[in-house]
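Chain letters run A, B, ... following the sequence lines, proteins first, then strands; residues in each count from 1.
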Amino acid sequence: MKFLKYLLVGIFFGILMTKSEIISWYRIQEMFRFHSFHMYGIIGSALMFGIFITNIIKKQELKSVEGKPITFHDKNKSVSRYLFGGIIFGLGWALAGACPGPIYTLIGNGFSVFIVVLLSALLGTLAYGALRNVLPH
Amino acid sequence: MIELISQPWAWYISGPLLALVMFLLLWFGGEFGASSTMRTICAIGGAGKKISFFNFDWKGQTWNIIFVLGAVIGGYIAATFLPSALPPQISAATINDLKMVGISYDGQMAPTNIFAWQSLFTLKGFIVIVGGGFLVGFGARWAGGCTSGHAISGLSNFQIPSLIAVIGFFIGGLMMTHLIFPFIFRL
């Protein structure tokens with residue numbers, strides 16, 4: 001039962017990503033061609049509300065449903081890993097037209113070949129794990 | 001009601017709802033980041049025996065696997081029970097640009113002639129499906145997160161590393177779209 005709430009939020013997330021067309025390969029192209037405000041509006045407004053929510057949680061010291069304080073971890077300081085990793089990710093985001101969340105949801109949408117995109121992303125994750133010590137961080 | 005939610009959701013509805021998803025995950029004791037599930041799946045598969053990066057207690061990440069499983073089911077529910085009456089209203093300029101590299105807009109969520117099993121046997125299809133997926137997985141882990149983890153969670157918490165990552169996402173995405181696309185899609 002502990003996991004049911006995660007399943008329900010996940011289902012909502014999947015419906016949200018489909019109905020907002022975030023999972024659309026064409027919407028991602030539109031974004032990278034600056035032809036539509038749609039994706040920028042979504043990310044921008046999510047960010048505005050996200051900043052507000054994060055601020056409230058910190059100020060009010062809100063606790064999770066399990067009664068533990070909600071904490072935020074500062075990300076390790078670096079430029080190279082975020083910049084180079086980010087560029088590689090961006091190349092893939094534009095090519096496959098999907099970031100990790102949408103990859104899962106597109107499978108549910110009936111694009112079964114996205115199972116291969118997922119498997120390939122897992123292979124990429126494995127390759128990163130294997131090469132981690134030689135990559136700049 | 002069904003008719004109302006079957007329409008495409010406007011950006012000013014969708015964005016705040018994405019933030020709500022982030023809030024619910026935080027409130028449940030988790031966090032919002034889809035790509036870390038890929039590391040967890042590798043760990044479940046036993047990659048930790050060979051590669052130390054995957055040697056961690058993945059059981060603590062079970063909730064996130066359940067969450068993305070939900071995202072698959074949600075995609076099915078939306079496509080099956082809440083289909084939009086009209087195809088996504090993609091801008092004419094994008095449709096025109098894509099036509100120049102040989103991709104015609106088919107009104108689907110992704111070009112069905114590229115994202116099909118048989119296109120795996122073409123060079124173009126293989127690069128897009130297998131190459132695209134590989135870059136997403138590799139890059140997300142190197143950068144320590146993807147769109148949900150950095151662009152939404154990280155930036156909401158004013159993390160400079162997330163800002164650098166998002167700038168990287170756009171450098172990569174713009175390079176692919178404007179410089180590399182013409183070569184790949186004319187193959």
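Using modelled atom types, one finds no donor on one side chain facing an acceptor on the other under 3.5 Å when comparing A:Ser45 with B:Trp11. Using modelled atom types and a 3.5 Å distance limit, the side chains of B:Asn64 and B:Thr37 yield no donor-acceptor pair. Under the 3.5 Å distance criterion, with hydrogens and angles disregarded, a donor-acceptor pair is assigned to the side chains of A:Lys19 and B:Ser84. Donor-acceptor pairing under 3.5 Å is recorded for the side chains of A:Lys58 and B:Asn157. Residues A:Asn109 and A:Thr18 have side chains that bring a donor and an acceptor to within less than 3.5 angstrom of each other. When only modelled atom types and interatomic distance are considered, B:Tyr105 and B:Thr94 share no side-chain donor-acceptor pair under 3.5 Å.
Contacts of B:Phe170 with chain A are made by both backbone and side-chain atoms, with heavy-atom separations under 4.5 Å. Heavy atoms of B:Leu163 lying under 4.5 Å from chain A are absent altogether. Neither the backbone nor the side chain of B:Ile95 has a heavy atom closer than 4.5 Å to any heavy atom of chain A. B:Pro83 touches chain A through its backbone: at least one of N, CA, C or O sits under 4.5 Å from a heavy atom, while the side chain does not. Using a 4.5 Å cut-off between heavy atoms, B:Ile103 contacts chain A through its side chain alone, with no backbone atom that close. When heavy atoms are compared at a cutoff of 4.5 Å, A:Lys68 does not approach chain B at all. Contact annotation for A:Tyr40: only side-chain heavy atoms (C-beta onward) come within less than 4.5 Å of a heavy atom of chain B. Interface remark: A:Leu118 contributes side-chain atoms only to the contact with chain B (heavy atom separation under 4.5 Å). For B:Ile77, the part lying near chain A is the side chain, with the backbone staying farther off; criterion is any non-hydrogen pair under 4.5 Å. Using a 4.5 Å cut-off between heavy atoms, B:Leu26 touches chain A through backbone and side chain atoms alike. For B:Ala140, the parts lying near chain A are the backbone and the side chain together; criterion is any non-hydrogen pair under 4.5 Å. There is no contact between B:Ile13 and chain A, counting heavy-atom distances below 4.5 Å. When heavy atoms are compared at a cutoff of 4.5 Å, B:Ser148 does not approach chain A at all. Contacts between A:Leu119 and chain B at a heavy-atom distance below 4.5 Å are absent for every atom of the residue. In this structure, chain A has heavy atoms under 4.5 Å from both the backbone and the side chain of B:Met38. Proximity to chain A (any heavy atom under 4.5 Å) is shown, for B:Thr62, by both the backbone and the side chain. Both the backbone and the side chain of B:Gln108 come within contact range of chain A, with heavy atoms under 4.5 Å apart. The contact between B:Leu135 and chain A is made by backbone and side chain atoms together, counting heavy-atom distances below 4.5 Å.
Remark: the backbone N or O of B:Arg39 is not paired with any side-chain donor or acceptor of A:Thr125 at under 3.5 angstrom. Side chain of B:Ser119 to backbone of B:Ala116: a donor-acceptor contact under 3.5 angstrom is found.
Annotation: maximal heavy-atom pairing with chain B below 4.5 Å, among A:Ala127, A:Gly129, A:Gly108, occurs at A:Gly108. Note: A:Leu7 leads A:Leu4, A:Leu7, A:Ile22 in heavy-atom pairs under 4.5 Å with chain B. Contact tally against chain B (heavy-atom pairs below 4.5 Å) for A:Leu83, A:Ile70, A:Val9: the top residue is A:Val9. Contact count versus chain B (heavy atoms, under 4.5 Å) is highest, among A:Ser112, A:Ser78, A:Gly110, for A:Ser112.
A salt bridge links A:Glu30 with A:Arg27: at least one charged nitrogen is closer than 4.0 Å to a carboxylate oxygen.
Ring centroids of B:Phe67 and A:Tyr6 are separated by 6.0 Å or more, keeping the two rings apart.
One finds the CZ atom of A:Arg132 at 10.5 Å from the CZ atom of B:Arg141 (value rounded to the nearest 0.5 Å). Remark: A:Leu106 CG to A:Trp25 CH2 distance equals 12.5 Å, nearest 0.5 Å.
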